[in-house]
Structures are given as structure tokens and as C-alpha cells.
Amino acid sequence: MAAPTDAVLLRIFVGEEDQYEGRPLYEALVRMALKHKMAGATALRGPGGFGRSRYVRTELNVDAGSKLPMVVEIVDEAEKIDAFLPQVEPMVESGLVTLEGVRIVRYSRDRVPNGVLKRSSISN
């Protein structure tokens, strides 16, 4: 088994209805992470939560509509996250950005040239 390595988890908390250049903000953030060759990004829809408004929004609340919380998680080396943060700032009008040190073990599958799985492996 590969030894865990240090990385940083960037979490960006936004609203589902938030937009950036005509598309959902969470989608724009994931695409921006891909463009900057970050190790990985995931957008997660929250079934409920609250923020600055102090108003609890849940899937059960008919008035919530598309105002549910979204969390975009991006993991990479500290240097790459630090370089990516200036890209995030102009995109997020209202939200919360957190950084957390994490230990990662990267799992991958080796493939032969034709794309067939050769064997399962764990790599750095």
C-alpha cells in the first residue's frame, strides 16, 4: 500500500442558484479546476443548510426551490491550491471558502494500451 501524502482540501460553499457567466457557479468552479489541471473536483448538493441569511433551506421546504446549498470540493497539493485561489475570488460573490490539510492515498487502476484493466493498484 502506498504511503499517504499531504494535500489540501479546498471547499467552496455556494448556493445552487448562484451563477457565473450564465452557468451554475458550482459547474463553473468544477470546469475552472479542470482547466487548471487540479487533481480532482466534486460538486455536492446539500439537502439542507443555512448561511448568512440565517434562513434554513431544505429539500422539504417548498419555498427553497433551487436555493439549496452546494459544496465544491477540490483536492491538490498546497502550492496548486494556493495558485488556484485567486481564480476563485472573482467567481464567488457570496459564499464561504475553507482550506483543510488532508492526507491522501491515491487509488488508480493500471491499464494496458487498449484500455483494458491490467490489475488494480494503489499508487502515489
Side-chain angles (χ1 to χ4, degrees):
M1 179 172 191
T5 59
D6 291 329
V8 172
L9 170 60
L10 167 64
R11 280 196 187 107
I12 307 164
F13 296 82
V14 297
E16 187 176 26
E17 77 283 4
D18 294 344
Q19 297 279 308
Y20 181 75
E21 296 182 348
R23 70 169 22 139
L25 176 57
Y26 62 88
E27 181 183 317
L29 287 164
V30 169
R31 289 180 184 277
M32 183 68 69
L34 179 63
K35 178 181 173 184
H36 283 85
K37 298 182 168 96
M38 305 304 288
T42 302
L44 306 164
R45 185 174 190 227
F50 71 91
R52 273 185 24 194
S53 72
R54 310 306 290 173
Y55 180 77
V56 176
R57 302 179 197 283
T58 71
E59 290 178 324
L60 302 175
N61 183 344
V62 177
D63 297 331
S66 64
K67 297 181 179 180
L68 292 171
M70 294 293 296
V71 180
V72 178
E73 294 190 339
I74 301 169
V75 178
D76 211 315
E77 299 169 348
E79 297 79 21
K80 287 193 74 177
I81 293 290
D82 288 344
F84 183 70
L85 280 172
Q87 306 302 314
V88 172
E89 187 175 357
M91 297 175 76
V92 179
E93 276 185 42
S94 176
L96 175 68
V97 176
T98 65
L99 297 169
E100 179 179 341
V102 293
R103 305 272 292 150
I104 62 169
V105 177
R106 187 166 294 151
Y107 293 89
S108 66
R109 295 178 186 230
D110 292 337
R111 294 181 183 271
V112 293
N114 67 3
V116 176
L117 288 176
K118 185 168 63 173
R119 63 178 170 81
S120 289
S121 66
I122 302 172
S123 64
N124 263 340

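Small disclaimer: the values here were computed from a predicted structure and weren't measured.
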Any side-chain heavy atom of [X] within less than 4.5 Å of one from [Y]?
{"X": "Phe13", "Y": "Thr98", "value": "yes"}
{"X": "Val92", "Y": "Val14", "value": "yes"}
{"X": "Leu44", "Y": "Glu73", "value": "yes"}
{"X": "Ile104", "Y": "Val75", "value": "yes"}

Under the salt bridge (charged side-chain N to carboxylate O under 4.0 Å, His left out) test, residues paired with Arg31 that sit two or more places apart: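 Partners of Arg31 under the salt bridge (charged side-chain N to carboxylate O under 4.0 Å, His left out) test: Glu27.
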
Minimum-distance pair of heavy atoms, taken over all atoms of [X] and [Y]:
{"X": "Met70", "Y": "Ala43", "answer": "CE-CB, 4.2 Å"}
{"X": "Pro4", "Y": "Arg103", "answer": "O-NH2, 3.5 Å"}
{"X": "Glu16", "Y": "Tyr26", "answer": "O-CE2, 4.0 Å"}
{"X": "Pro90", "Y": "Tyr20", "answer": "O-CE1, 4.2 Å"}
{"X": "Gly46", "Y": "Leu68", "answer": "O-CB, 3.7 Å"}

With a 3.5 Å distance limit and no angle check, can you tell me whether Lys80 reaches the backbone of Lys37 through a side-chain donor-acceptor pair?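 Side chain of Lys80 to backbone of Lys37: a pair is present.
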
Main-chain N/O of Leu25 paired with Asp18 side-chain donor or acceptor, under 3.5 Å: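 No.
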
Identify whether [X] and [Y] are in the same connected component of the hydrophobic contact network (ILVMFWY, side-chain heavy atoms under 4.5 Å).
{"X": "Ile81", "Y": "Val102", "value": "no"}
{"X": "Val8", "Y": "Val88", "value": "yes"}
{"X": "Val97", "Y": "Val30", "value": "yes"}

To the nearest 0.5 Å, what is the distance between [atom1] on [X] and [atom2] on [Y]?
{"X": "Leu96", "Y": "Ile12", "atom1": "CG", "atom2": "CD1", "result": "10.0 Å"}
{"X": "Leu29", "Y": "Arg23", "atom1": "CG", "atom2": "CZ", "result": "11.0 Å"}
{"X": "Asp82", "Y": "Glu77", "atom1": "CG", "atom2": "CD", "result": "11.0 Å"}
{"X": "Thr42", "Y": "Arg11", "atom1": "OG1", "atom2": "CZ", "result": "11.0 Å"}
{"X": "Phe84", "Y": "Lys35", "atom1": "CZ", "atom2": "NZ", "result": "10.0 Å"}
{"X": "Leu10", "Y": "Asp76", "atom1": "CG", "atom2": "CG", "result": "10.0 Å"}

